[in-house]
Amino acid sequence: MQQFQLTLNKEQLRKYCKNKRLELYNNGQLEKISKKIVEKILSSEDFIRASRVALFYPKKCEIDVTSLLKYDKTFYLPRCKDKNLEICEYKNGDILKESNFKVMEPINEKLEDLSILDIIVIPALCADKKGNRLGYGAGFYDRLLKDKTIKAKKIVVVPNDLLFDEITNEKHDIKCDKIISA
């Protein structure tokens with residue numbers, strides 16, 4: 001567990017985390033970490049009981065949880081629309097389109113009733129043991145998760161190397177319910 005994080009501001013921590021993830025990717029560890037995280041998700045009571053699960057499509061150096069898509073659940077992926085995320089149903093084989101952020105996104109209709117989601121699996125540059133996460137700084141997930149109709153369990157996935165005891169959080173940052181790391 002890293003101990004220096006509180007001496008770094010958010011931008012310094014983002015830079016550190018991006019470099020660390022690139023290192024994990026380049027040495028082949030990120031793929032192994034992703035597989036272990038998927039195994040933990042699959043064995044979690046939250047996933048076993050869930051019927052509607054929102055995932056994310058990974059960028060190059062992010063945890064990849066897309067192997068979950070083969071399981072018998074209804075899945076959703078996010079799409080950026082202006083400064084917000086829309087959640088769209090996704091089935092294996094549906095068309096994805098590359099966004100301005102170089103992320104593959106669904107073209108399906110957005111989900112209007114977010115209260116039906118059971119789990120939202122959320123990417124992060126890093127997280128802490130208290131449920132705080134650090135994203136890229138655009139606030140997409142914080143804005144989404146402020147929606148009071150969302151009752152889903154919010155699960156963040158990060159490598160062990162990017163799970164800290166504590167990271168700086170601000171008033172607008174939304175805490176998550178569970179961190180899964182490997």
Side-chain angles (χ1 to χ4, degrees), residues 1-42 44 46-47 53-68 77-85 87 96 98-105 119-146 150 152-182:
M1 192 74 49
Q2 302 289 342
Q3 296 298 321
F4 64 89
Q5 66 275 4
L6 285 179
T7 62
L8 301 178
N9 66 36
K10 280 188 170 186
E11 285 313 308
Q12 292 168 323
L13 187 55
R14 280 188 182 97
K15 184 176 180 182
Y16 170 82
C17 292
K18 287 177 185 177
N19 288 334
K20 186 64 175 174
R21 282 194 334 186
L22 184 59
E23 178 185 314
L24 292 170
Y25 176 81
N26 286 337
N27 70 23
Q29 291 301 304
L30 200 59
E31 185 177 345
K32 294 173 187 169
I33 292 167
S34 293
K35 286 180 182 178
K36 288 179 184 175
I37 286 175
V38 166
E39 288 171 10
K40 288 182 176 185
I41 291 171
L42 285 171
S44 74
D46 296 319
F47 188 79
V53 179
L55 301 176
F56 62 93
Y57 201 91
K59 290 166 57 166
K60 176 179 161 184
C61 293
E62 287 182 327
I63 298 295
D64 185 351
V65 295
T66 57
S67 62
L68 293 169
L77 292 176
R79 172 178 60 216
C80 292
K81 174 77 175 193
D82 302 318
K83 292 189 176 214
N84 296 302
L85 283 182
I87 303 299
L96 296 171
E98 188 174 82
S99 75
N100 294 340
F101 296 106
K102 305 292 184 211
V103 176
M104 299 306 290
E105 297 180 337
I119 295 175
I120 302 174
V121 180
I122 304 167
L125 287 169
C126 67
D128 69 20
K129 293 178 178 179
K130 298 177 181 182
N132 296 302
R133 64 176 282 280
L134 181 68
Y136 292 96
F140 284 103
Y141 275 94
D142 288 321
R143 282 189 292 282
L144 172 72
L145 298 174
K146 281 184 181 169
I150 294 176
K153 176 85 63 149
K154 300 176 289 293
I155 300 174
V156 173
V157 293
V158 294
N160 284 337
D161 287 350
L162 297 172
L163 177 61
F164 301 107
D165 288 328
E166 185 175 3
I167 60 174
T168 302
N169 67 325
E170 297 172 11
K171 196 175 189 177
H172 65 271
D173 293 333
I174 303 293
K175 278 192 175 197
C176 293
D177 301 307
K178 187 174 188 176
I179 309 295
I180 296 182
S181 66

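What you see is a predicted model; the values in this text were computed from it and never measured.
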Step by step, would you call Leu96 with Leu77 a side-chain contact (heavy atoms from CB on, under 4.5 Å)?
-> CA-CA 10 Å; Leu96 296 171; Leu77 292 176; 3.9 Å; yes
Candidate pair Val53 and Leu68, rule side-chain contact (heavy atoms from CB on, under 4.5 Å), full reasoning | CA-CA 10 Å; Val53 179; Leu68 293 169; 5.8 Å; no
For [X], all residues meeting side-chain hydrogen bond (donor to acceptor under 3.5 Å, both in side chains), sequence neighbours excluded:
{"X": "Ser181", "value": "Asn160"}
{"X": "Arg21", "value": "Tyr136"}
{"X": "Asp173", "value": "Lys10"}
{"X": "Tyr25", "value": "none"}

Could you tell me whether [X] and [Y] have a side-chain N and a carboxylate O separated by less than 4.0 Å?
{"X": "Glu62", "Y": "Lys59", "result": "no"}
{"X": "Asp165", "Y": "Lys129", "result": "yes"}
{"X": "Glu166", "Y": "Lys130", "result": "yes"}

Quick check for you: to the nearest 0.5 Å, what is the distance between [X] atom [atom1] and [Y] atom [atom2]?
{"X": "Lys102", "Y": "Asn100", "atom1": "NZ", "atom2": "CG", "answer": "7.5 Å"}
{"X": "Leu30", "Y": "Asp64", "atom1": "CG", "atom2": "CG", "answer": "8.5 Å"}
{"X": "Leu134", "Y": "Asn169", "atom1": "CG", "atom2": "CG", "answer": "10.5 Å"}
{"X": "Cys176", "Y": "Asn132", "atom1": "SG", "atom2": "CG", "answer": "8.5 Å"}

[X] vs [Y] side-chain heavy atoms within contact, under 4.5 Å:
{"X": "Tyr141", "Y": "Leu85", "answer": "yes"}
{"X": "Val157", "Y": "Ile122", "answer": "no"}
{"X": "Pro123", "Y": "Ile63", "answer": "no"}
{"X": "Ile41", "Y": "Ile180", "answer": "yes"}
{"X": "Val158", "Y": "Leu125", "answer": "no"}
{"X": "Ile174", "Y": "Lys154", "answer": "yes"}
{"X": "Ile167", "Y": "Leu13", "answer": "yes"}
{"X": "Thr66", "Y": "Pro58", "answer": "yes"}

Among side-chain atoms of Ser44 and Asp46, is any donor-acceptor pair under 3.5 angstrom?
->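 No pair is found: no donor N or O on one side chain lies under 3.5 Å from an acceptor on the other.
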Minimal non-hydrogen separation, Pro78 against Phe56, with atom names |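 Distance-wise, the nearest heavy atoms are CD-CA, 3.9 Å.
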With sequence neighbours left out, the residues meeting ring-ring contact (aromatic ring centres under 6.0 Å, His included) with Phe47 are none
With no hydrogens and no angle check, is any side-chain donor or acceptor of Glu31 less than 3.5 Å from a backbone partner on Gly28?
->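 Not a single qualifying donor-acceptor pair exists.
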Whether Arg143 side chain and Lys83 backbone form a donor-acceptor pair below 3.5 Å =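 The answer is yes, because a donor-acceptor pair under 3.5 Å joins these two groups.
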Residues in side-chain contact (heavy atoms from CB on, under 4.5 Å) contact with [X], at least two apart in sequence or another chain:
{"X": "Ala182", "value": "Ile33, Lys36, Ile37, Lys40"}
{"X": "Asn19", "value": "Lys15"}
{"X": "Ser99", "value": "Phe101, Val103, Glu105"}

Using a cut-off of 6.0 Å, state whether more than 12 heavy atoms not belonging to Asn27 lie near its atom CG.
-> yes
Would you please name every residue forming a salt bridge (charged side-chain N to carboxylate O under 4.0 Å, His left out) with Glu23, sequence neighbours left out?
-> Lys20
With Asp142 via salt bridge (charged side-chain N to carboxylate O under 4.0 Å, His left out) - residues at least two apart = none
